[in-house]
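Reckoned from all heavy atoms, side chains included, excluding hydrogens, waters and symmetry mates.
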Amino acid sequence: MTENVVHLHKPTDPPTDPAAPTALTVVPDAPPAAPVPLWVRSGRAIKTVVTHETTKTTARAVARHSLYTLNGGRIVARRTWDGKTGARYERMIRAAEAAGNLEAAEEWEERLQRFRAARHHRRMDLLHSPVEAAKGIAVGTGVSIGVLVALGVVMAINNHDVTDVITPLKATIDFIALLIRIVQVVWGPALTIGPFLALLALWTVGSKQQAAPQWALPANVRNGEGEPITPSIVVKALRDLGIPALRNAIKEMGDAGASMLGPIRIAGCGVEVDVTLPSGVSTNEVQGKRRKLAENLTRHEHEVFITIPEAARTVRLWVADSGALDQPIGPSPLVTDETMTADYTKGRAPWGQDLRGDAAALSVYQRHLLITGLSNQGKTAALRSVALWLSLDRSVEFWMGDLKGVGDWAMFDGLATRLIQGPTDDHVIQVTEMVEDAVQEMNRRIQAPPGTTFPPLIVIVDEAQVAFMCPVKDEDKRPYGGSSSTSRYFMAARKIHNQGRAVNVLLWQGTQDPTDQNLPKLVREGAHTRASLALGTESQARMALGDKAVDGGAAPNLLRPGLDQGTLVVASDGIEIPKGQSSITVRTHYISTDDAKEIAARAKAMRDGVTTLHVIDRGEERDPLADIAAVVGDAPRVRTKDVLNRLATLNADAYGRWSFIDLKRVLDDADAEPYKSDGVMVVSRDRLARALANRDTDGSASADG
């Protein structure tokens, strides 16, 4: 029987003879690892202890509190030195000279001279004070003894005991001896505790000033979470901007730059401070360093805003509390107050809040409006919220074109006289003709007798860039889009911008990602109120708001796409802007589609009923009676004046010149004559329905006959 040999290891030199027996090789176990030396293990343990987070925290705490005491003593010594010498005045003089403010330098020099004169007077008084003090002590002691003896005499007379003469004097001597004994008892412990109390006082001063290196401060302060904005932090942030002239000027200022700062004021969810820059430093140099300045202030870039007030060589910094701008603002008053109404002439739309947390309200009276920004930043919601507020004024008429066509404006069906929704070229043609009709209405109003007042007509075009970019041409080869003198939409918008506000015909446009092609210069500059959400570049910001606003600090290109949705930078005289600024940043209230429908329903309830046209019929053959019934709609009765206006809107060519006589003639012929209700002439829906039914019946009977 043959035995099978199990090979535990492959032999290095296998036998050449296959028949030769295979030897079993036994490999000994590996020797045990050498023990780690004690010094290595001790080093590892020491390293673990030293690098442990608890050790680091403890070391930071020890260093922090020690330096609080040390630097607190330095601060107290400097304050004492400033109080005893003219060092403070000399620093302020150097700071004023470095800032180029010679008037302030002269004022501080005058104060220094007064301080030195008063100090010299006090020192001269010291030469005579010992003699005068000795005289005062002698006189005071004599008077006191005399008073005590007199008091003793009174007591002796009263008690009939001559020894009472010295009783008050003896009691005073005993009281003085008691005070001496108290001092003897307390003096020893006071000498022991006194230094500790002094160190505690120095530590308190240092801790309030955070007088310790950055690495030794607590984690929340070191990381910038909740770090308060103090003058020293602002000056240090400005010094480290990398502007040589600014850095050198701060070094030359004896007060380390504190004289540049105005008072730090609480402003909404942040603070605000004016900084007067030294000579040789321009405001645009600081504006260009916004990100670095924000990081120096331990803030994100979007949490610092730099604007230019009226004062020369001054920048205004607004610094938000950490994370405050990421918190939503409250709901719109349009949603919470169901009794709110609007006033086109005197009212203001509750649009949102400014950075101070104050309400930002917009006046739309005789102001064309333009809102732009990148896609999906809240442009339609911002524009729609203003329109929803104005819809609560029943005198306002809306013509709307939504060239996105996804239902963002659907709640205005039954509220707007015209509502065109869709992104196609056919919809652009309809919107263009609607704007051209607004031009005709504007011309009609201009030709009216002087002093005639007209109800406001608001023409809204959302996604207007679709109209400007439309390549379609009409039968006369005139393009609907473009920015040439033959462009129909462009020229209609320009005409309304030129003269519309005088007769209350206004154009509101919303557009996205502006360029010279999809938002021509003449159109964007014709808007009185210009607002922008987040944009990609500074050149786009200039297109949206104009050079003046951007040069004054407006920077929608620095807003965060996707995160700062609904945040607008607004340039307009229709909104309250801080004095000296050219723009304001507004965080708008978001009104959801469901809330917008409820607000629109309240606006519809204020009206008699509006027939909304979704397609404007330009045909030549009209049925006047059917058109009258169409514009009356579901309302039981409509004033004849409103019927005439709606007919003119339906087809200006056919009904634009109609008068009450023309309307009455058609209705009288159909036995649906108007009648007076509540003092005004109205057209009845029931009479129209009966007239149409009778006409159809007569037509059918004639056909049968």
Side-chain angles (χ1 to χ4, degrees), residues 391 394-400 412-420 430 433-434 437-438 440-441 443-445 447-449 452-455 457 600-601 603-705:
S391 69
R394 59 179 299 173
S395 67
V396 178
E397 182 179 1
F398 292 98
W399 293 3
M400 294 183 172
F412 281 87
D413 192 355
L415 185 58
T417 308
R418 302 187 184 188
L419 179 59
I420 301 167
Q430 290 282 326
E433 292 176 346
M434 178 186 74
D437 288 346
Q440 294 182 8
E441 172 64 15
N443 292 333
R444 183 187 70 82
R445 295 183 177 190
Q447 295 170 5
T452 305
T453 58
F454 301 97
L457 171 61
K604 294 174 186 177
M606 300 172 63
R607 289 166 164 78
D608 294 332
V610 176
T611 301
T612 300
L613 302 180
H614 299 280
V615 177
I616 304 173
D617 189 358
R618 300 289 175 180
E620 294 182 359
E621 305 223 351
R622 309 295 310 178
D623 183 350
L625 188 62
D627 286 344
I628 294 172
V631 298
V632 169
D634 296 333
R637 52 187 173 273
V638 179
R639 293 189 303 174
T640 53
K641 180 181 178 181
D642 292 338
V643 172
L644 288 172
N645 290 336
R646 295 178 188 182
L647 286 173
T649 301
L650 179 66
N651 192 299
D653 295 335
Y655 304 116
R657 299 181 179 273
W658 266 34
S659 65
F660 174 73
I661 296 176
D662 299 314
L663 177 63
K664 187 174 185 301
R665 174 179 50 79
V666 172
L667 294 175
D668 288 347
D669 291 343
D671 293 330
E673 61 277 0
Y675 63 95
K676 186 170 289 189
S677 175
D678 295 332
V680 295
M681 296 299 293
V682 297
V683 177
S684 171
R685 178 192 62 188
D686 294 339
R687 291 186 180 186
L688 286 170
R690 185 168 58 251
L692 287 171
N694 292 337
R695 187 184 67 175
D696 293 341
T697 302
D698 294 342
S700 300
S702 299
D704 292 341

For Arg445, enumerate each residue passing the side chain to side chain donor-acceptor pair (under 3.5 Å) test, keeping only those at least two apart in sequence or located in another chain. Glu441

Would the number of heavy atoms belonging to other residues, nucleotides or ligands and lying under 6.0 Å from CG of Asp678 be above 12? no

Would you compute the distance between atom CG of Leu644 and atom CG of Leu663 and round it to the nearest 0.5 angstrom? 5.0 Å

Inter- and intrachain pairs under ring-ring contact (aromatic ring centres under 6.0 Å, His included), touching residues 656-687, at least two apart: Tyr655-Trp658

Of all residues at least two apart in sequence or in a different chain, which pass the side-chain contact (heavy atoms from CB on, under 4.5 Å) check with Leu692? Leu625, Ala629, Arg695

Please find the pair of heavy atoms, one from Val632 and one from Arg646, that lie closest to each other, and give the distance. O-NH1, 4.1 Å

side-chain contact (heavy atoms from CB on, under 4.5 Å) filter on Ala689, not counting sequence neighbours, yields none

As an exercise, state the distance from CG of Leu647 to OG1 of Thr640, rounded to the nearest 0.5 Å. 11.0 Å

Using the ring-ring contact (aromatic ring centres under 6.0 Å, His included) criterion, which residues pair with Phe412? Sequence neighbours excluded. Phe398, Trp409

How long is the gap from CD1 on Ile628 to CG on Leu688, to the nearest 0.5 Å? 6.5 Å

By side chain to side chain donor-acceptor pair (under 3.5 Å), which residues pair with Asp669, not counting sequence neighbours? none

Would you please name every residue forming a side chain to side chain donor-acceptor pair (under 3.5 Å) with Thr417, sequence neighbours left out? Glu397

Give the minimum heavy-atom separation between Lys604 and Asp413, together with the two atoms involved. NZ-O, 2.8 Å

Side-chain donor or acceptor of Arg687 paired with backbone N/O of Glu673 under 3.5 Å: yes

Going by side-chain contact (heavy atoms from CB on, under 4.5 Å), name the residues that satisfy it together with Thr453, two or more places apart in sequence or in a different chain. none

Who pairs with Asp671 by side-chain contact (heavy atoms from CB on, under 4.5 Å), at least two apart in sequence or on another chain? none

Which pairs count as salt bridge (charged side-chain N to carboxylate O under 4.0 Å, His left out) when at least one residue sits in residues 630-641, sequence neighbours excluded? Arg639-Asp642

List the atom of Pro455, the atom of Ser395, and the distance in Å for their closest heavy-atom pair. CB-O, 3.5 Å

From Leu650 CG over to Asp437 CG, what is the distance, rounded to the nearest 0.5 angstrom? 10.5 Å

Applying side chain to side chain donor-acceptor pair (under 3.5 Å), name anything that partners Arg394, two or more places apart in sequence or on another chain. none

Could you measure the distance from the CZ atom of Arg418 to the CG atom of Leu457? Nearest 0.5 Å is fine. 9.0 Å

What are the two closest non-hydrogen atoms of Ala635 and Arg685, and how far apart are they? O-CB, 3.3 Å

